[in-house]
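Only one structure is covered here, and it is reproduced in the block below.
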Amino acid sequence: MIKKNEIYQAEVVATASSGDGICRIDNLAVFVENACEGDFLEIKITNVKSSYANAEILCIITPSDYRKEPECPVFNRCGGCQLMHIDYKKQLELKKQFVFDSLTRLGHLDLSEAEFFDTIGMEKPERYRNKMVFPIGKKADGRLTGGFYAAKSHNIIALSDCLLGDKFASDCLSAVISYMKENNVSAYDEAAHKGLVRRLFVRTGLYSHEAMAVISINGKSLPNEKKLVDKLLNIESGELNLASIIININDSKNNLVLGAQNRTLFGKKSIYDILCGLDFEVSPNSFYQVNPMQTEKLYNTAIDFAELKGSQTVLDLYCGIGTISLCAAKKAARVIGVEIVEQAIKNAEENAKRNGIKNAEFYTGSAEDISQKLLDKGLSPDVIFIDPPRKGSDEVTLNAILNMSPEKIVYVSCNPATLARDLKYLTAGGYALKKIQPVDMFPNTVHVECCVLLCR
Ligand code: SAH
């Protein structure tokens, strides 16, 4: 029997969907953080449960051929990236494996009839994120800090330049912290629900070069707001133009990134960007895919899967600012988008106008409610796109989809576990799995996006 604090030598034989390497000792799976498949390691057991154990690396005896030096100096401490020490080609193989494991082990799905493609990767998997969210807080010694949470905790790991996003975003973080120091502005303390500045949120438009900085605060205003604006506008921003600075009022006790209310401190209320040749306005509270280069590949896959011929009626559930709807509109007779965030639907309607698209209509409300209402009205779409948040869809919505009986369902998912659950429901309801395409929207992390085609 394995015991805590024991030391072993073992090979890493597999990778868990958390990114941990897996060794097998006495028939028990031992999860090792920051290990790489193929490593031969000396490990120390840190925790033993009935069906698995955890261990930490004491020494890498022989490194795996897949191992590479992580580019980021805080990789081992920050919870943002889990796979930065693994060769990119191997990361793509692992992500296909994560999807396969989820669909077969969690969903018990039969994939024998489905085409399962290799993960679509990036040519240069660096600085791909157009959105960075940095929590701001206090260190144990009382000094201000900002960065990312450490894995499985709310301890902030300070960073000077996160390699997933534009350097400009990290520079905005330094500017906000220096403004706070100079103006005696407190950081929010989660435990006490006291203090002012909670987070900095920076969004950049890859093609428009417009940037937005949102400061989320537990209050209505900041002292000397003009000084903050000056500091942010003084950052050397290269091609980027900081077009919008916003105060977001977030005085709730929950941990949502942004509250509902915004006040514009400088410039515009929203920025715009271009995707798949269309122009999109994005407000702070609206969802917008974080990796624009890969989003184009994802949407092209989804629209290819749908085989639109210009005559079909298309329903796009969880449509955000209408990106999939409007990309599909060019090839459909009628598209209908449904989304719960009101600001996002306002963006979607504005986006249809901006792009001269007249065959798209949008509804604010939950997918559950609106899909049922559309069904009651007799809507029978030829194609349904569904792109829910991480928690996946729900049985009310999935039943409405089954009852509308479209010829094709294209499911876009950012969470293989809930994807497996929902696909199980849809296949039990009479749909066959035809195509599965993982897309790497989040290089260096364990996250994987997936586009799936189901046919009636
Ligand atoms: N298809 C869009 C958005 C996908 S993200 C894109 O590619 O950009 C998922 C979206 O679902 C978010 O915009 C979120 O606000 C929305 N959402 C979350 N729960 C919902 C619900 N119950 N009903 C409808 N929309 C919901």
Side-chain angles (χ1 to χ4, degrees), residues 129-131 133 201 203 205-206 254 256-260 270-276 278-303 305-306 314-329 332 335-352 355 360-375 383-401 409-415 418-419 422 437 439 441-442 447-452:
R129 284 189 69 98
N130 61 12
K131 180 181 103 175
V133 178
F201 168 119
R203 191 178 254 156
L206 176 71
N254 69 35
L256 289 180
V257 171
L258 296 180
S270 54
I271 56 170
Y272 84 96
D273 200 19
I274 298 165
L275 259 188
C276 302
L278 298 173
D279 222 25
F280 289 100
E281 173 186 77
V282 197
S283 294
N285 298 63
S286 300
F287 177 87
Y288 185 58
Q289 298 285 357
V290 300
N291 183 333
M293 283 164 274
Q294 293 300 91
T295 300
E296 293 195 335
K297 297 178 194 166
L298 175 74
Y299 288 175
N300 287 336
T301 304
I303 287 166
F305 281 5
V314 172
L315 177 61
D316 177 18
L317 294 173
Y318 310 88
C319 71
I321 61 169
T323 42
I324 296 178
S325 315
L326 297 176
C327 290
V335 298
I336 302 150
V338 176
E339 159 65 44
I340 204 161
V341 173
E342 201 180 337
Q343 231 180 67
I345 286 291
K346 284 196 181 129
N347 290 154
E349 284 165 344
E350 177 59 33
N351 289 332
N355 293 289
E361 57 204 276
F362 294 97
Y363 296 96
T364 312
S366 70
E368 308 78 298
D369 264 13
I370 309 272
S371 56
Q372 187 57 46
K373 283 189 181 128
L374 293 170
L375 172 70
V383 174
I384 300 184
F385 290 102
I386 159 169
D387 182 8
R390 286 188 64 75
K391 69 172 190 209
S393 191
D394 58 86
E395 292 189 4
V396 177
T397 307
L398 296 176
N399 278 329
I401 293 176
I409 302 171
V410 180
Y411 194 132
V412 177
S413 159
C414 58
N415 182 347
T418 53
L419 173 69
D422 291 348
Q437 175 66 72
V439 180
M441 305 279 274
F442 316 100
H447 296 285
V448 52
E449 194 86 13
C450 196
C451 183
V452 176

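In this chain, residues are counted from 1 in sequence order. Both counts, for ligands and for their atoms, begin at 1 and track the order of listing.
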- Sorted by chain and residue number, the side-chain contact (heavy atoms from CB on, under 4.5 Å) partners of F287 (sequence neighbours excluded) come out as Q289
- Task: Considering only non-hydrogen protein atoms, determine which one is nearest to atom 21 (C) of ligand 1 and report residue, atom name and distance to 0.1 Å.
- Result: Y318 CE2, 3.7 Å
- Note on the structure: re atom 10 (C) of ligand 1, the protein heavy-atom contact at minimum distance is E339 OE1, 3.5 Å
- Message: We want to know whether D422 and S393 form a side-chain donor-acceptor pair, criterion being a heavy-atom distance below 3.5 angstrom.
- Response: no
- Run down the list F280, F287, Y288 and name the one with the heavy atom closest to atom 5 (S) of ligand 1. F287
- Which of the atoms in ligand 1, numbered in the order shown and given with their element, are less than 4.0 Å from a heavy-atom of P389? 9 (C), 11 (O), 18 (C), 19 (N)
- With no hydrogens and no angle check, do the side chains of S270 and E281 hold a donor and an acceptor under 3.5 Å apart? yes
- Item | Step-by-step side-chain hydrogen bond (donor to acceptor under 3.5 Å, both in side chains) determination, Y288 to N347 | CA-CA 11 Å; Y288 185 58; N347 290 154; over 6 Å; no
- Task: Below 4.0 angstrom from a heavy atom of T323, which ligand 1 atoms are there? Numbered from 1 as shown, please.
- Result: 6 (C), 7 (O), 8 (O)
- One should read off an interatomic distance between R203 CZ and R129 CZ, to the nearest 0.5 angstrom, of 10.0 Å
- Query: What protein heavy atom is closest to atom 23 (N) of ligand 1, reported as residue, atom name and distance in Å?
  - Reply: A367 N, 2.8 Å
- Message: Can you name the atoms of ligand 1, numbered from 1 with element, that are less than 4.0 Å from a heavy atom of Y299?
- Response: 6 (C), 7 (O), 8 (O)
- Task: Check whether more than 12 heavy atoms from other residues, nucleotides or ligands sit under 6.0 Å from atom CD of E361, and answer yes or no.
- Result: yes
- Task: Taking the side chain as every heavy atom from C-beta outward, state whether Q294 and F442 have any pair of such atoms under 4.5 Å apart.
- Result: no
- With heavy atoms under 4.0 Å as the rule, classify the contact between C319 and ligand 1 as side chain, backbone, both or neither. backbone
- Message: Heavy-atom contact check, 4.0 Å cutoff: does E368 meet ligand 1?
- Response: yes
- Hey, does G365 sit under 4.0 Å from ligand 1 if you only count heavy atoms? yes
- Message: Give the atom numbers and elements of ligand 1 that come within less than 4.0 Å of a heavy atom of D387.
- Response: 1 (N), 2 (C), 3 (C), 4 (C), 5 (S), 6 (C), 7 (O), 9 (C)
- Are I321 and V282 close enough that some pair of their side-chain heavy atoms sits under 4.5 Å apart? yes
- Note on the structure: So the atoms of ligand 1 within less than 4.0 Å of a heavy atom of Q289 turn out to be 6 (C), 7 (O), 8 (O)
- Taking both backbone and side-chain atoms of V341, is any N or O found less than 3.5 Å from an N or O belonging to ligand 1? no
- Message: Which residues pass the side-chain contact (heavy atoms from CB on, under 4.5 Å) test with A329, not counting sequence neighbours?
- Response: V335, I357, N359
- Between K346 and E350, is there a salt bridge with N-O shorter than 4.0 Å? no
- Message: If the contact criterion is a heavy-atom separation under 4.0 Å, does V338 count as touching ligand 1?
- Response: no
- Message: Quick test: of every protein heavy atom, which one is nearest to atom 17 (N) of ligand 1, and how far off is it to 0.1 Å?
- Response: I340 CG2, 3.7 Å
